[in-house]
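One structure is given below, encoded as C-alpha cells.
In what follows, residues are counted from 1 in the order of the sequence shown.
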Amino acid sequence: MAHELRSRSRLSQTSDTRDTTDMSRLLAPRLAHFAGVARTEHVTRAAQEMQVPQSTLSRAMVRLEQDLGVDLFARHGRTVSLTPAGRTFLASVERALAEIERAADEVRADADPATGKVAFGFLHTMGAETVPGLLHAFRADHPRIRFSLVQNYGEAMLERLRAGELDLCLTSPVPDAPDLVARRLDEQKLRLVVPLDHRLAGRRRIRLAEAADETFVTLEPGYGLRRITDDLCAQAGFKPRIAFEGEEAETLRGLVAAGLGVALLPPPAFPRPGVVELTVTAPKAAREIGVAWLAGRPDTPPVTAFKKFLLSKRGNLLPT
C-alpha cells in the first residue's frame with residue numbers, strides 16, 4: 001500500500017511538472033499581447049501599436065482566458081478593462097517581461113564588439129603576472145571590452161567551459177577531448193624547489209632521480225601540475241613520497257621554505273626567500289600551456305577578438 005501511495009505521489013508530481021511546463025509554453029507567446037491590450041484598454045489601438053491584426057489579437061485574448069479558465073477583461077464595446085484577476089495577472093506579466101527585456105539587454109551588451117564581455121579562466125599560477133600582462137596588452141587595442149575572470153585548476157575550468165560559464169581558458173595540460181578545441185601556446189619549465197638549508201641547495205642543476213628519497217609537497221589530485229609531477233617522478237624511476245597536498249603553488253613554495261619538503265613548481269612571479277630553485281636536467285621538466293574553448297559554440301565579437309589575440313601569442317605567452 002505504501003509503495004502504491006509513493007508511486008501515485010511520483011506520478012502526481014510528474015503530472016504537475018508537465019502541466020506547469022505546458023502552461024508556460026502555451027502562455028509565453030501571448031504575454032506581450034496581453035500587456036499591450038491591458039495598457040491601452042483598447043484592442044484596436046493595441047493592435048496598431050504592436051502591428052498585429054486586430055482579429056488575431058482578439059482571438060489571442062479569448063484563447064488566453066480560455067486556457068487560464070479566468071476572465072481577464074470586461075468588454076465595453078470597443079474598449080476593455082481589466083478584471084481583478086486581470087490586474088493580478090498583469091502585475092506578474094509586467095515583471096516577467098521586464099526581466100526578459102533586462103536579459104536581452106544584457107546579452108546584447110555582452111556581445112557588443114566594442115564594450116562586450118569575455119568570461120576567461122586561467123590557472124592560479126598565471127594570475128600574478130602572465131594574465132595581467134595579457135589583459136593589459138589586449139586592452140591597448142580594445143580598451144572597453146570587459147572581462148569576467150575565473151582562477152581555478154584545469155579540470156574545474158574545463159567543467160565550467162562545458163557548462164557555458166567560460167568562453168576561453170588557459171590551462172595545463174592542454175586538453176584532448178572531442179567536445180573541446182585546444183591550442184598549445186607555450187611551454188613552461190618546472191624547477192625542483194628545495195629549502196635554503198637543504199643538502200641540494202648548493203646545486204644549480206639536478207636529475208630528478210636524485211630526489212627520489214625526498215619528501216614532496218604537491219597540489220591535490222585532479223590538478224594538472226599534480227599529474228605532471230607524478231608522471232615526471234615515474235619517468236625518473238620513483239613514486240614521490242608526499243607529505244602535504246595543497247591547492248595553490250605559492251603555498252607549496254612556502255611549505256618548502258619551512259623545510260617541509262621539496263616540490264616541482266613553475267617559476268615564481270617574484271623571488272621567494274628561503275628556497276632555492278634547481279633546473280631539472282632529466283627528464284625534461286616542463287608543462288604545456290594552452291587555450292581551450294567549447295567546440296561548435298559561436299563566439300561573440302569580443303570573444304573572437306580575444307581568442308585571436310591569445311593565438312597570436314604562440315611561443316611568446318609567458319614572461320621570459
Item checked: Test log, rule side-chain contact (heavy atoms from CB on, under 4.5 Å), inputs Val43 and Gln54 -> CA-CA 7 Å; Val43 176; Gln54 178 180 337; 3.9 Å; yes

Cluster link [X] to [Y], ILVMFWY, side chain under 4.5 Å:
X      : Y      : value
Leu192 : Leu252 : yes
Val181 : Val118 : yes
Met157 : Tyr153 : no
Leu168 : Val174 : no
Leu97  : Leu57  : yes

Are any of the side-chain heavy atoms of [X] and [Y] separated by less than 4.5 Å?
X      : Y      : result
Leu225 : Leu190 : yes
Glu247 : His124 : no
Leu294 : Leu180 : yes
Leu134 : Leu317 : yes
Ser148 : Glu165 : no
Phe244 : Thr215 : no
Pro268 : Glu250 : yes
Gln48  : His42  : no

If we ignore hydrogens and angles and just use 3.5 Å, is the side chain of [X] paired with the main-chain N or O of [Y] as donor and acceptor?
X      : Y      : result
Ser172 : Glu288 : yes
Arg226 : Leu219 : yes
Arg146 : Thr115 : yes
Glu65  : Leu72  : yes
Arg241 : Asp213 : yes
Ser312 : Phe309 : yes

In Å, rounded to the nearest 0.5 Å, how long is the span from [atom1] of [X] to [atom2] of [Y]?
X      : Y      : atom1 : atom2 : value
Leu264 : Asp230 : CG    : CG    : 10.0 Å
Phe238 : Leu232 : CZ    : CG    : 9.0 Å
Leu310 : Leu170 : CG    : CG    : 5.5 Å
Thr229 : Arg287 : OG1   : CZ    : 9.5 Å
Arg253 : Thr125 : CZ    : OG1   : 9.5 Å
Glu277 : Thr279 : CD    : OG1   : 9.5 Å

Ring centre gap for Phe34 and Phe73 strictly below 6.0 Å
yes

Evaluate side-chain contact (heavy atoms from CB on, under 4.5 Å) for Val193 paired with Leu278, printing each intermediate quantity in order. CA-CA 6 Å; Val193 185; Leu278 309 178; over 6 Å; no

What is the minimum heavy-atom distance between [X] and [Y], and which atoms define it?
X      : Y      : value
Pro301 : Ala111 : CD-O, 3.3 Å
Leu166 : Gly121 : CD2-N, 3.8 Å
Ala209 : Ala236 : CB-O, 3.7 Å
Pro53  : Ala47  : C-CB, 4.3 Å
Ala182 : Pro175 : CB-O, 3.4 Å
Gln188 : Leu318 : CB-CD1, 3.5 Å

Parallel under 30°, tilted from 30 to 60°, perpendicular over 60°: which one fits the rings of Phe138 and His142?
-> parallel

Could you walk me through whether Met126 and Ile289 pass the side-chain contact (heavy atoms from CB on, under 4.5 Å) check?
-> CA-CA 10 Å; Met126 309 191 77; Ile289 306 293; 3.9 Å; yes

Next item on the list: Could you walk me through whether Lys117 and Glu106 pass salt bridge (Lys or Arg N to Asp or Glu O under 4.0 Å), step by step?
Entry: CA-CA 10 Å; Lys117 185 173 74 173; Glu106 183 175 331; 5.1 Å; no

Verify the neighbour count for atom [atom1] of [X]: are there more than 12 heavy atoms of other residues, nucleotides or ligands below 6.0 Å?
X      : atom1 : value
Asp176 : CG    : no
Arg162 : CZ    : yes
His76  : NE2   : yes
Arg203 : CZ    : yes

Query - side-chain contact (heavy atoms from CB on, under 4.5 Å) evaluation trace for Gln235 with Lys284 - result: CA-CA 10 Å; Gln235 291 177 47; Lys284 180 182 178 182; over 6 Å; no

Using a strict cut-off of less than 4.0 Å between a Lys/Arg side-chain nitrogen and an Asp/Glu carboxylate oxygen, indicate whether [X] and [Y] qualify as a salt bridge.
X      : Y      : answer
Arg199 : Glu214 : yes
Glu101 : Arg108 : yes
Glu99  : Arg102 : yes

